[in-house]
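All remarks here apply to the structure that follows.
Keep in mind it's a predicted model, so treat the numbers as computed, not measured. In what follows, chains carry the letters A, B, and so on, assigned in the order in which the sequence lines appear, proteins first and then strands, with residues in each chain numbered from 1.
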Protein chains: 2
Amino acid sequence: MGRAQDTESASVSEFGIEMLPRRSALADEVHEAVKELLMDQRIAPGSRMSIDGLARELGVSPTPVREALARLESAELVVKEPLRGYRAAPLLTREQLDDLYRFRLLIEPWAAARAAERITSDGAARLRAEVDSCDMPDENSYAAYKELTAHDDRFHVLIAELAGSAQVRSAFERTHCHLHIFRLYFDRVIGTKTLEEHGAIAESIASGDPGAAELAMRTHLEVASQQRLRPLYDS
Amino acid sequence: MGRAQDTESASVSEFGIEMLPRRSALADEVHEAVKELLMDQRIAPGSRMSIDGLARELGVSPTPVREALARLESAELVVKEPLRGYRAAPLLTREQLDDLYRFRLLIEPWAAARAAERITSDGAARLRAEVDSCDMPDENSYAAYKELTAHDDRFHVLIAELAGSAQVRSAFERTHCHLHIFRLYFDRVIGTKTLEEHGAIAESIASGDPGAAELAMRTHLEVASQQRLRPLYDS
DNA sequence: GAGAAATGGATCCTATAGGAAAGTTCGTAT
DNA sequence: ATACGAACTTTCCTATAGGATCCATTTCTC
């Protein structure tokens, strides 16, 4: 039971490089690949997704595809019609988008305030690093927009993590809000203003001011939902 | 590409009744069966769950078991160790239980207030029906306790539903709080006091008083976490 | 010509078989 | 007696085959 013998075991972690050769990558890789396909709308919202077809296209057997689809169905990214196959989840309606931001307004300002209360020097450093990691690219390419979305996602997840509540973090992650928003608005939405607001939120948290952090986050979400996202819905 | 023709889904919701007779029961049945096994601790927390073993025990092939396990892993009820199999999720630590109730205190009082704002005669009737459906059984059997847990779950889900936010409802359901609490405390926890509090919450919502509903829900959760659940942790 | 029934194709669902990796056990050398 | 090494067993992971169901097209009848 107790393996206390010191047998060097230097060959395992000789290099810090992750040497995981291929640990059950397939099902997880399929999961990520399909999620990417959904995000890029290479699979149109509402369209059918054939298990066999996906398996052929990805070059794997249907079994891992089935497993990945089951997980995506659990995350409400695909819908299962029991004897008729899977379909990509439709785009969010305007009511659902409002509901999503109402939920974010419920948990994220709270998370920002708690993060400010619990802030450490390490946490502040991580926050500033994330803010600085994303310099506004002048090119308005698809890839740049996608990278900005990924940064926005990491930023909000990091705040939920710094709030010290795994439940809040999980609840936020399970909304998959960035995926839904990205699917809704193919064109550029996140821009300089968003990055400036991120900086303000980060500084409020880093300075340990819960009230300012909560307000900054609330303002950020309200601006995003009412000024940036909703107008695009009607166009 | 352009799927402009969508003449379907017109006769789907003609009747609100779900007309799904028995569609693809197996994978879903396995999912429910394993969840039940987890809840009753017939599978001990942290113990290994063999795909093949479960398949033999349930009399099905490993494929639907694999699918069910993938969904349960997505719900964080089991953990997957990539080339070593699945394990039942361990019991909640005291910190995790505190975190769970902190999250419930964040969303459920809000949901109670919104439910009170939006209450209709139909909603009030459903609320009262749920409260009245569960008369306190004098017998302290395992089955009776389980029924009380199920009632408590339905009651809180109903309030989240009446709040009109699918996000909040999903977030609540995905905590699987009743399953975790049931696994933690095999002995009786829910009793007469809980049912009385449910009645007070229901009346506050039914009478359309958001402030009273929010306070009643907050009190209910605080009493449950600090007076009923936490003391049992140390014993 | 229009509607309904039957047939063909495609898809999903379940079961079984084979290959690979990890854990375990036993034997042997020090 | 202990530690190391090799073979075995168990388990998971992937692939393929067969049975059942649903959708679409065609054909027959009124």
Side-chain angles (χ1 to χ4, degrees), chain A residues 1-13 18-34 43 46-74 78-88, chain B residues 3-12 18-34 43-44 46-74 78-88:
Chain A
M1 309 303 181
R3 306 189 165 276
Q5 87 279 14
D6 47 336
T7 57
E8 294 294 325
S9 71
S11 61
V12 174
S13 59
E18 33 191 339
M19 306 179 69
L20 312 177
R22 209 104 176 87
R23 302 182 66 86
S24 174
L26 226 164
D28 290 335
E29 279 183 14
V30 171
H31 179 262
E32 289 302 319
V34 176
I43 299 177
S47 64
R48 299 192 55 177
M49 303 169 66
S50 161
I51 293 178
D52 203 5
L54 279 173
R56 275 194 303 270
E57 189 165 350
L58 297 173
V60 297
S61 78
T63 306
V65 175
R66 175 178 300 275
E67 191 166 336
L69 251 16
R71 282 201 275 174
L72 290 170
E73 192 242 354
S74 206
V78 303
V79 290
K80 177 184 181 183
E81 304 175 11
L83 227 46
R84 301 169 55 185
Y86 286 91
R87 305 179 76 94
Chain B
R3 305 174 49 85
Q5 87 295 1
D6 250 327
T7 56
E8 58 162 347
S9 73
S11 64
V12 171
E18 30 193 338
M19 307 177 69
L20 314 174
R22 204 99 181 89
R23 308 175 75 88
S24 170
L26 223 164
D28 291 334
E29 278 182 15
V30 171
H31 179 262
E32 289 302 319
V34 176
I43 298 177
S47 65
R48 300 192 54 177
M49 301 169 67
S50 162
I51 292 178
D52 203 5
L54 280 174
R56 277 195 302 270
E57 190 164 351
L58 296 174
V60 296
S61 81
T63 306
V65 174
R66 175 179 300 275
E67 191 165 337
L69 251 16
R71 283 201 275 172
L72 289 170
E73 193 242 352
S74 204
V78 304
V79 291
K80 177 185 181 182
E81 304 175 14
L83 228 45
R84 301 169 56 185
Y86 286 92
R87 306 179 73 92

Heavy atoms, side chains only, cut-off 4.5 Å: are A:Leu72 and A:His31 in contact?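 The answer is yes; the side chains approach within 4.5 Å.
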
Starting at [atom1] of [X], measure out to [atom2] of [Y] and round the result to the nearest 0.5 Å.
X: A:Arg71; Y: B:Arg71; atom1: CZ; atom2: CZ; result: 13.0 Å
X: A:Tyr86; Y: A:Glu81; atom1: OH; atom2: CD; result: 11.0 Å
X: B:Met49; Y: B:Leu54; atom1: CE; atom2: CG; result: 5.0 Å

To the nearest Å, give me how far apart [atom1] ([X]) and [atom2] ([N]) are.
X: A:Tyr86; N: C:dC12; atom1: OH; atom2: C1'; value: 10 Å
X: B:Lys80; N: D:dT11; atom1: NZ; atom2: P; value: 18 Å
X: A:Glu67; N: D:dC12; atom1: CD; atom2: C1'; value: 11 Å
X: A:Asp28; N: D:dC12; atom1: CG; atom2: P; value: 16 Å
X: A:Glu81; N: D:dC22; atom1: CD; atom2: P; value: 13 Å

Are OP1 or OP2 of D:dC12 and a side-chain N or O of B:Arg66 less than 4.0 angstrom apart?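 Negative; the distance criterion is not met.
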
Answer yes or no: does a side-chain N or O of A:Arg84 lie under 4.0 Å from OP1 or OP2 of C:dT11? no

Nucleic acid contacts of residues 49-62 of chain B, taken as heavy-atom distances under 4.0 Å to DNA chain C: B:Val60, B:Ser61, B:Pro62

Compare every heavy atom of [Y] with every heavy atom of [X], then report the nearest pair and how far apart it is.
X: B:Ala27; Y: B:Pro64; value: CA-CB, 4.2 Å
X: B:Ala88; Y: B:Ala44; value: CB-O, 3.5 Å
X: A:Val30; Y: A:Ala68; value: CG1-CB, 3.7 Å

Angle by which the axis turns from one end of the helix from C:dG1-D:dC30 to C:dT30-D:dA1 to the other, five pairs per end, to 10 degrees: 10°

Which atoms of nucleotides 17-21 of chain D (N or O only) lie under 3.5 Å from a protein N or O atom, and what are those distances?
none

With DNA chain D as reference, determine whether B:Thr63 or B:Arg48 sits nearer its 5' end, using the nearest nucleotide of each. B:Arg48

For A:Arg56, check salt bridge (charged side-chain N to carboxylate O under 4.0 Å, His left out) against everything at least two apart and list the hits.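 A:Asp52.
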
B:Glu67: salt bridge (charged side-chain N to carboxylate O under 4.0 Å, His left out) partners, not counting sequence neighbours: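 Testing B:Glu67 for salt bridge (charged side-chain N to carboxylate O under 4.0 Å, His left out), a comparison that skips the adjacent residues, returns A:Arg66, A:Lys80.
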
Say whether, by atom type as modelled, one donor and one acceptor occur between the side chain of A:Arg87 and the main chain of A:Gly46 under 3.5 angstrom.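 Yes: the side chain of A:Arg87 pairs with the backbone of A:Gly46.
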
